[in-house]
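Take a look at the structure below.
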Protein chains: 2
Amino acid sequence: MTDPAAAISNLGFAILGLLARRESTGYEVAQRMRRPIGYFWTARHSQIYPELNRLDAAGMVEHEVIDGAGPRPTKRYRITETGRAALAAWVVGELEPQPVRDLEVLRLWSIWTVDPEAADDLIGRLEDTHQSVLDRYLEELAEVAGQPGARDPANPLFATRITLEGGIRSRRTALEWCAWMRAELAAANR
Amino acid sequence: MTDPAAAISNLGFAILGLLARRESTGYEVAQRMRRPIGYFWTARHSQIYPELNRLDAAGMVEHEVIDGAGPRPTKRYRITETGRAALAAWVVGELEPQPVRDLEVLRLWSIWTVDPEAADDLIGRLEDTHQSVLDRYLEELAEVAGQPGARDPANPLFATRITLEGGIRSRRTALEWCAWMRAELAAANR
DNA sequence: AAATTCATGTAAAGAGTTACATGATTTC
DNA sequence: GAAATCATGTAACTCTTTACATGAATTT
C-alpha cells in the first residue's frame with residue numbers, strides 16, 4: 001500500500017539511508033544504527049520497528065519473511081524506488097537552521113558558579129571524552145578511507161568518509177577549545 | 001515546599017542557570033532562553049511555565065507576585081540557596097557522553113544518492129547558514145568580551161564569553177569542512 | 001545447563017513542539 | 001482604534017527512552 005501523503009520523519013530518513021546502502025532485518029537496522037550512523041543520529045529498536053511498519057505502509061520499503069530465530073516472523077526489508085526517490089529529494093531539500101542542543105555547553109554556561117579548581121577538573125574530563133571519541137573516529141576512518149569507492153561521490157563509502165572527517169574535525173576543535181578554556185582559567189588565577 | 005528527592009531535568013538546570021544570573025518573570029525567562037542560551041539549549045514558554053512550577057515545588061526557586069499585564073498574576077522568580085547549590089553540583093557532576101543528533105550530517109550521510117551538482121549546491125547552502133550563525137556569534141562576542149568581569153571566572157560574563165568562543169570555533173571548523181567537502185567532490189569530477 | 005545473540009513487538013513515561021486560550025498594557 | 005508586547009497557562013501531538021514481554025538458535 002502506497003501513501004505518498006504520509007510525511008516521513010527524520011528517523012524514517014535515517015532508516016531509508018541505511019536500507020539504501022544494503023537490505024536488512026529490523027534487528028540489523030537497530031545494530032547498524034549504532035555505528036557509524038549513531039555518531040550523529042540514534043534510535044532504539046522500540047522506535048525502529050514501528051517506523052519500519054510505517055515506511056512499509058507508505059510504500060517506501062518492502063519486506064519478505066525469511067527464516068530466523070525469535071517468536072515472530074523475521075522480516076528482511078528492502079528500499080523501494082519510491083523510497084529511494086524520497087530519500088534523494090530529502091537530502092537536497094530545504095535546510096531550516098537546526099537548533100543546537102548541547103548539554104556540555106549548557107553546563108559550561110553556568111561554570112562561573114563553581115570554583116576554578118572544580119572548573120578545571122570538569123574541562124579535563126570533557127577533554128578525555130572528546131579524545132576517546134576522536135580516537136574511535138580515526139580508527140573508523142582508517143578502515144574506510146583506503147577502500148575502493150571511498151573517493152567516488154556516488155559510492156556510500158564516500159559519504160561515510162566525509163561525515164567521519166567532519167566528526168574528526170569537530171572533536172579536534174573541541175579539544176583545542178578545552179585547552180584554550182583551561183588557559184583562560186589559569187590566566188585569571190595569576 | 002522542598003522536595004529534594006525530585007530529580008531536576010536538563011531544562012530545569014537551564015532555567016536555574018538563567019535565574020542564578022538574574023531574577024526574572026516566567027515571560028522573561030522565555031525571552032532570555034532565546035539568546036544566547038538558545039544557541040545551545042532551547043525551550044518554549046509552554047515548557048518553561050510548568051517547569052518553573054516544578055522548581056518552585058522542589059524549593060529550587062521562590063517567587064513573589066508583582067504588578068503586571070495579563071489575566072493572571074505576574075510572578076517574579078528568584079533562585080534559592082538550595083537551587084544555587086543544586087546547580088553548582090550539577091555543573092561539576094558526572095559526565096555521561098552525550099549522543100549527538102545532527103540532522104545536517106544525517107543528510108550528508110546519504111549524499112551519495114544525489115548527483116554531484118546537487119551535492120555541491122547542498123553544501124553551499126550549508127555554508128551560508130554556518131556563515132550567518134558565525135557572524136551573529138562574533139557580534140555577540142564583541143559585545144561581551146570587552147565588559148568588565150568577562151575575564152573573571154566567577155563572573156557570568158566569563159561563562160558567556162567562553163561558550164560563545166566555543167560556538168565560533170565550531171562554526172569556523174564547519175565552514176572549513178564544507179570547503180574541504182566541495183574540493184573532494186570536485187577532485188572526483190576531474 | 002547457562003548465557004548470549006537473534007528477533008520483534010508493546011506500554012508507559014518523559015521531553016519537546018504546536019496550537020489554543022485569555023486579557024491587560026503599551027506603542028503606533 | 002489597531003497592533004504589538006507583556007504575561008501565564010492548558011491541550012494535543014510527536015519524538016525518544018526505559019521497561020516489559022516472548023522465545024528460538026547459538027555459543028560457552
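Here is how names work: the chains are called A, B, and so on, in the same order as the sequence lines, proteins then strands, and each is numbered from 1.
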Is there a path from W177(B) to L138(A) through hydrophobic residues (I, L, V, M, F, W, Y) whose side chains come within less than 4.5 Å of each other? yes
With five pairs defining each end axis, the helix from dA1(C)-dT28(D) to dC28(C)-dG1(D) comes out bent, to 10°, by 30°
May I have the distance from R34(B) (atom CZ) to dG16(C) (atom P), rounded to whole angstrom? 18 Å
For DNA chain D, which residues in residues 94-105 of chain A have a heavy atom at a distance below 4.0 Å? none
Whole-Å gap separating P (dA15(C)) and CD1 (I8(B)): 12 Å
Closest-nucleotide ordering on DNA chain D, the 5'-leading residue of R44(A) and R72(A): R44(A)
Decide whether R32(A) and S24(A) meet the rule of one side-chain donor and one side-chain acceptor closer than 3.5 Å. yes
Interface polar pairs with nucleotides 2-4 of chain D, N/O, under 3.5 angstrom:
none

Donor-acceptor check, side chain of R169(B) to backbone of L164(B), threshold 3.5 angstrom: yes or no? no
Relative to the 5' end of DNA chain C, which residue comes earlier, T74(A) or Q47(B), by the nucleotide with the nearest heavy atom? T74(A)
Checking R161(B) side chain against A150(B) main chain: does a donor-acceptor pair fall under 3.5 Å? yes
Provide, to the nearest angstrom, the distance between the NE2 atom belonging to H45(A) and the C1' atom belonging to dT18(D). 10 Å
Dump the intermediate steps for salt bridge (charged side-chain N to carboxylate O under 4.0 Å, His left out) on R84(A) and E81(A), then the final yes or no. CA-CA 5 Å; R84(A) 199 48 152 71; E81(A) 267 314 302; 6.0 Å; no
Basic-acidic side-chain contact under 4.0 Å: E127(A), R182(A): yes
Could you pull out all donor-acceptor pairs under 3.5 Å where a side-chain atom in residues 140-147 of chain B meets a protein atom, sequence neighbours excluded?
| residue | atom | partner | partner atom | Å |
| --- | --- | --- | --- | --- |
| E140(B) | OE1 | Y39(B) | OH | 2.7 |
| E140(B) | OE2 | R35(B) | NE | 3.4 |
| E140(B) | OE2 | R35(B) | NH1 | 2.8 |
| Q147(B) | NE2 | E143(B) | O | 3.0 |

Please tell me whether R101(B) and T42(A) have a donor and an acceptor in their side chains that are separated by less than 3.5 angstrom. yes
Residues R22(A), E28(A): salt bridge by 4.0 Å N-O rule: no
Indicate for each nucleotide in nucleotides 23-28 of chain D, in 5' to 3' sequence, whether protein heavy atoms under 4.0 Å reach the base (B), only the sugar-phosphate (S), or nothing (-). BBS---
Spacing between Y27(A) atom OH and dT8(C) atom P, to the nearest angstrom: 9 Å
Are W90(B) and F13(B) an aromatic pair by the rule of ring centers under 6.0 Å? yes
Protein N or O to nucleotides 11-13 of chain C N or O, pairs below 3.5 Å:
none

CD1 of I48(B) versus C1' of dA15(C): gap in Å, rounded? 14 Å
